[in-house]
Participant: 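Got a structure for you, written out below as structure tokens; questions coming shortly.
Atoms considered below: every heavy atom in the structure, side chains included; atoms not considered: hydrogens, waters and symmetry mates. Because the structure is a prediction, the values reported are computed rather than measured. The sequence lines fix the lettering, A, B, ..., with proteins before strands; numbering per chain opens at 1.
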Amino acid sequence: MIKKFLIMIFTYSLISFAQEKEMITVIGDSLVGKVVNGESIREVSGNVILTQGNVKITCRKAIQYLSRNDAELIGDVVATQDTLTIKTERGFYFGNLRKTSSNSGVTLEDKKVVLTAMQGEYFFDENRAVFQTNVKLYDTASTLTSQKLIYLRNEDRAIATIDVKIIDSVNTIFADTVDHFRKKQITIASGNVVIKNNSNNSLVFGEHLEDYRESKYTIIDKLPMLVQVDTSKSTDSLGFETVRLDTLFIQCKVMEVFREPEQKFIATDSVRIIRDLFASKNDLTVYLKDEEKIITQKISDEHNQPVLWYDNSQLTGDSITIYIEDKKIRQLDVDGNAFMVSQHKNYLNRFDQSSASGIKMFFNDNKIQRAEFFGNVYSIYYLYEEEQPNGLMKANSLDAVILFEDNEVSEVKLYGNPGSEYYPEQQVAGNERSFQLPKFIFIENRPDKQKMYEQINRIKWQLH
Amino acid sequence: MRRILLSIFLILTACSGERVKPPIDRSFQDKDIPAQESWNAVVTFSDSGKIRAILYAGHIRMYPEKNETLLDSSIKLDFYDINERKTTTLTSKRGRVDDLTNDLFAIDSVVALSDSVTITTDEMMWRNKDRKIVSDKFVTILSPKEKIQGYGFESDQNLKNYVIYNITYITRRDTL
């Protein structure tokens with residue numbers, strides 16, 4: 001009983017203390033009390049200092065409307081609460097809500113961020129700011145602009161909406177909505193998300209992005225697409241140098257970027273890649289930037305093999321690794337169930353085919369120079385005499401080497417129990433379909449650049 | 001024995017040589033004497049036939065030469081609005097009326113009370129010409145929702161519209 005009584009006394013003391021803190025004290029040079037249209041008004045002028053608990057507001061003049069429980073604050077308004085400072089030229093203080101508001105341009109500083117906008121509201125009890133119209137949030141690492149922003153000081157969190165743009169030292173992010181947790185360094189962006197990397201001229205599009213700056217990890221898990229605008233130089237046989245636009249498109253269902261310990265880019269599920277004459281479809285693409293290596297692979301037995309197209313050639317295998325040097329393909333390795341098909345540019349039903357356990361292809365200036373086949377090599381390649389078809393050769397060996405000139409087969413070398421059969425043209429013409437290796441498949445639905453553009457155009461990022 | 005006493009008396013009177021007079025206070029002047037004096041007085045102030053204020057005083061002394069009337073023994077002044085409705089009551093321990101201007105000075109423990117406001121100060125003046133209540137002393141204004149303190153005060157006699165200087169204003173959260 002005594003314990004209950006003591007608790008009651010303690011509780012009452014706390015309530016009394018809380019009520020004491022509710023008192024508002026105003027100091028000023030003069031006060032005019034008047035009744036206008038039945039409403040009691042207090043006008044405090046000159047060196048006005050208004051305090052309520054830990055909230056302190058200074059201004060040149062304060063007009064209090066008693067029945068409405070609010071006050072208009074005029075001239076050099078500065079509101080402070082512990083480390084928070086809000087400045088404006090003219091604003092309001094709403095007593096019941098313990099909030100300030102301003103439509104005259106407002107600046108908030110709290111030792112963590114600087115927030116400015118044309119309009120702003122601050123709720124002192126909740127430590128919550130709602131800023132609107134030309135909002136700018138300056139952080140140590142980035143600047144965020146938007147048309148509306150809710151800043152939750154206790155959570156170190158900013159929720160920005162409408163035309164959101166975040167600029168940091170490397171990237172510019174555009175989005176409809178951004179939820180930024182400052183302390184945890186987590187950013188979640190939604191709706192028309194675009195990340196523009198100024199250093200490598202790349203754009204990443206998507207509908208939902210999560211960035212974990214501390215762990216240096218970013219994921220885009222809704223309609224992601226990467227576009228990197230680049231140019232490539234090539235020199236023809238006469239020595240003329242040609243510069244061409246060489247834009248890379250990567251589309252998939254989930255895109256992840258790891259920045260540490262190594263720079264790694266992973267595209268997962270329905271991955272489609274296009275770059276100039278090169279295209280690919282696969283379920284997993286990993287780009288290791290430090291090693292300048294791209295790996296695409298089959299993710300399980302139930303999934304399809306990755307497919308790679310270059311010009312009129314198609315390549316499949318359980319795993320394909322591309323080595324890059326100076327932005328140009330240097331080497332390509334196919335491991336497991338490798339199969340290469342090349343369609344003749346004039347005789348579209350004639351396909352050179354090679355299968356092996358593995359293939360290594362070597363390039364120079366983005367042109368294939370040599371292909372090495374390992375393990376149970378089977379091949380069918382058509383022969384031509386001055387561009388006229390001249391039968392085909394079926395061959396098998398343990399290993400093989402094919403040499404190319406201008407992306408065309410120039411020589412075939414077989415190693416290890418080689419065997420070959422020649423089929424004259426009269427047996428071949430019209431029977432091309434019967435000359436197919438068991439694993440032959442020519443995939444028609446190659447990734448389409450036009451469809452990629454259509455997806456980009458759905459995003460209204462250009463409006464930013 | 002009777003002869004001895006008579007001799008002593010004769011000797012004493014012979015030594016002084018002057019007649020004995022009672023002391024006179026020369027500082028006292030006629031004007032300190034009120035021309036009129038009344039107790040438990042009630043004075044009604046009216047304008048155009050309408051009551052504007054009623055003064056109650058325990059003791060009134062009128063000094064025509066000095067053109068002033070002194071009030072003491074508790075004074076009370078009720079103010080009335082144009083509809084002859086009582087709006088404000090002013091009380092103090094003492095008071096003074098300037099008979100030339102009809103201004104009333106309330107002195108010592110002054111309290112002005114309207115329906116929602118209480119004003120306390122050491123000295124306050126009701127200025128007849130504009131019917132305003134003014135003070136140049138420390139003033140405290142109290143209402144159920146606020147407390148205003150400052151130096152110097154000017155208000156209408158209904159205590160609705162006023163000015164106070166160098167203020168400290170304390171109000172509850174729900175009034176601001």
Participant: A quick test of your reading: do over 12 heavy atoms of other residues, nucleotides or ligands sit less than 6.0 Å from CG of B:Leu100?
Facilitator: yes

Participant: State which residue, out of B:Thr168, B:Asn166, B:Ile148, B:Ile141, fulfils the side-chain contact (heavy atoms from CB on, under 4.5 Å) condition with A:Leu31.
Facilitator: B:Ile148

Participant: Using non-hydrogen atoms and a 4.5 Å limit, figure out which bit of B:Leu159 sits close to chain A: side chain, backbone, both or neither.
Facilitator: neither

Participant: Keeping to residues at least two apart or across chains, list the ring pair (Phe, Tyr, Trp, His ring centres under 6.0 Å) pairs with something in residues 65-115 of chain B.
Facilitator: B:Phe79-B:Trp126

Participant: Return the CD to OG1 distance between B:Gln149 and A:Thr25, rounded to the nearest 0.5 Å.
Facilitator: 10.0 Å

Participant: Nearest 0.5 Å, what's the CD-OG distance between B:Glu146 and A:Ser40?
Facilitator: 7.5 Å

Participant: Listed by chain and number, what are the side chain to side chain contact (heavy atoms under 4.5 Å, CB included) partners of A:Asp211, not counting sequence neighbours?
Facilitator: A:Thr187, A:Leu209, A:Arg213, A:Thr218, A:Arg259

Participant: Which atoms of A:Val44 are under 4.5 Å from chain B, going by heavy atoms: the side chain, the backbone, both sets, or neither?
Facilitator: side chain

Participant: As a test of understanding, state which of B:Val163, B:Asn161, B:Ile164 forms a side-chain contact (heavy atoms from CB on, under 4.5 Å) with A:Val32.
Facilitator: B:Val163

Participant: Does A:Asn47 have more than 12 heavy atoms from other residues, nucleotides or ligands lying within 6.0 Å of its CG?
Facilitator: no

Participant: Do other residues, nucleotides or ligands put more than 12 heavy atoms under 6.0 Å from the NZ atom of A:Lys87?
Facilitator: no

